[in-house]
Every structure is written in C-alpha cells, then in structure tokens.
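Note sheet for the following structure.
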Amino acid sequence: MEAARAGEHGKGFAVVASEVRKLAERSKIAADEIIQLAAKSLQATENSANYMNNLLPEIQKTARLVQEIAASSTEQRTGAEQVNNAIQQLNSITQQNAASSEELATNAEELNKQAQQLKEIIEYFSIEAGRLSKLN
C-alpha cells in the first residue's frame, strides 16, 4: 500500500524489497545447509577420533608382535648357528673316527700277519721239540 502511494519510486522499492526477501530466504537456506554440513563434518570428525582411539591399541599390539617376531627370529638364527657348529663338530669327529678306523684296520691286518708268523714259528718249534723228544 505504501508503495502504491509512493508512485514510481514505490514500485522500485517494492521490487527491491521483494529481491531482498528472496535473497534473505536463499541466505537462510544456505545457512541451514552450512549448519547441516558443519554437523556432518563434526560427526565425521568424532567418528574419526573414535576410530583412531580404537585403532591405537591395535597398532601398539601389532608393534609388540613385530618386536616379538624380531626377537624370535634372532633366537632362531642363534639356534641355527649353534646347530651348524654342532654339525661341523660332528663332521670333524666323524672324519677323525673314519681315520682312526682305517688306522685300526691297518694295524689289525699287520697284527694278523704278525700273529700268523708267530704261529708258524711256534709250529716250527713245536715240530722240532717233538722230534727232539723222540730222539732222546
């Protein structure tokens, strides 16, 4: 009504007022959307914080397990080295035993030859002693 009394200027004022009203409505809609986005962002941040809080103990547990695996690997390597050393010692002893066995076999063969010679000598004297007793 006031715009009608004001004439030509009133119409312009009414148009401007209408545009300002539309702009205010759009601003309210935009503000509501911003509030919704801010609420969603806050919720996402809270969810991320909760997730991180839940994940942190798992990360620490994993780190402990990795340390235990590393310690076990070190122990296993040490054990493998000890087994390797024992096998090398066993190999050395086996080689020594083989050499001793070969030497023992050679000595036994030599002793057998000497025993055979001794037997022949004893038989010779036994035969000679038997002949002498028949002569007397």
Side-chain angles (χ1 to χ4, degrees):
M1 178 114 143
E2 216 157 300
R5 276 188 272 173
E8 187 73 28
H9 295 293
K11 285 183 186 179
F13 180 74
V15 170
V16 170
S18 173
E19 289 298 318
V20 168
R21 193 176 313 119
K22 287 179 186 175
L23 183 59
E25 287 174 5
R26 286 196 304 255
S27 294
K28 183 182 180 322
I29 291 170
D32 288 343
E33 288 177 3
I34 290 171
I35 289 171
Q36 288 176 353
L37 287 173
K40 286 181 182 179
S41 294
L42 178 62
Q43 184 65 39
T45 302
E46 288 173 353
N47 289 344
S48 294
N50 289 336
Y51 182 72
M52 290 299 288
N53 287 336
N54 292 336
L55 190 60
L56 186 60
E58 295 300 318
I59 291 171
Q60 291 170 338
K61 181 180 176 182
T62 301
R64 279 192 306 273
L65 290 174
V66 168
Q67 288 174 342
E68 289 175 14
I69 289 170
S72 295
S73 293
T74 300
E75 289 176 15
Q76 203 171 31
R77 186 183 68 240
T78 301
E81 288 171 355
Q82 290 173 349
V83 167
N84 186 36
N85 288 339
I87 289 172
Q88 288 177 358
Q89 289 174 355
L90 184 61
N91 186 33
S92 175
I93 291 169
T94 302
Q95 288 176 358
Q96 290 173 1
N97 284 347
S100 295
S101 294
E102 192 173 315
E103 186 177 336
L104 185 60
T106 302
N107 289 342
E109 202 174 297
E110 182 63 31
L111 188 59
N112 190 28
K113 285 179 186 176
Q114 290 175 2
Q116 188 65 35
Q117 288 174 351
L118 186 59
K119 183 180 173 187
E120 289 172 7
I121 291 172
I122 290 173
E123 285 176 359
Y124 173 77
F125 283 114
S126 293
I127 293 172
E128 289 298 317
R131 283 186 195 159
L132 285 177
S133 61
K134 287 184 183 178
L135 290 177
N136 284 337

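Just so you know, these numbers use all the heavy atoms, side chains as well, and skip hydrogens, waters and symmetry mates. It should be emphasised that the depicted structure is a prediction, and the values quoted were computed from it without experimental measurement.
- Environment of CD in E81: crowded, with over 12 heavy atoms of neighbouring residues, nucleotides or ligands closer than 6.0 Å.
- Within a 6.0 Å radius of CD in Q76, no more than 12 heavy atoms belonging to other residues, nucleotides or ligands are found.
- Put simply, the side chain of N53 gets close to the backbone of A49: a donor and an acceptor are under 3.5 Å apart.
- Atoms CG and OG, from L65 and S72 in turn, are 10.5 Å apart once rounded to the nearest 0.5 Å.
- A donor-acceptor contact shorter than 3.5 Å links the side chain of S48 to the backbone of A44.
- Q43 and N47 are linked by a side-chain donor-acceptor pair at a separation below 3.5 angstrom, with hydrogens and angles left out of the test.
- Within the 4.5 Å cutoff, no side-chain heavy atoms of L118 are placed close to those of Q114.
- Remark: E102 CD to N97 CG distance equals 12.5 Å, nearest 0.5 Å.
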- Query: When you look at E46 and N50, which way does the side chain to side chain donor-acceptor pair (under 3.5 Å) test go after all the steps?
  - Reply: CA-CA 6 Å; E46 288 173 353; N50 289 336; over 6 Å; no
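- With rounding to the nearest 0.5 angstrom, the CD atom of Q67 is 11.5 Å from the OG1 atom of T62.
- Listed by chain and number, the hydrophobic cluster partners of L23 come to none, as no ILVMFWY side chain reaches under 4.5 Å of it.
- Within a 6.0 Å radius of CD in Q60, more than 12 heavy atoms belonging to other residues, nucleotides or ligands are found.
- Atom CD1 of I35 sits about 13.0 Å away from atom CG of L42, to the nearest 0.5 Å.
- The structure places CD of Q82 at 12.0 Å from CD1 of I87, a figure rounded to the nearest 0.5 Å.
- With hydrogens and angles disregarded, no donor-acceptor distance shorter than 3.5 Å links the side chain of S18 to the backbone of A14.
- Taking CD1 from I59 and CZ from R64, the interatomic distance works out to 12.0 Å, rounded to the nearest 0.5 Å.
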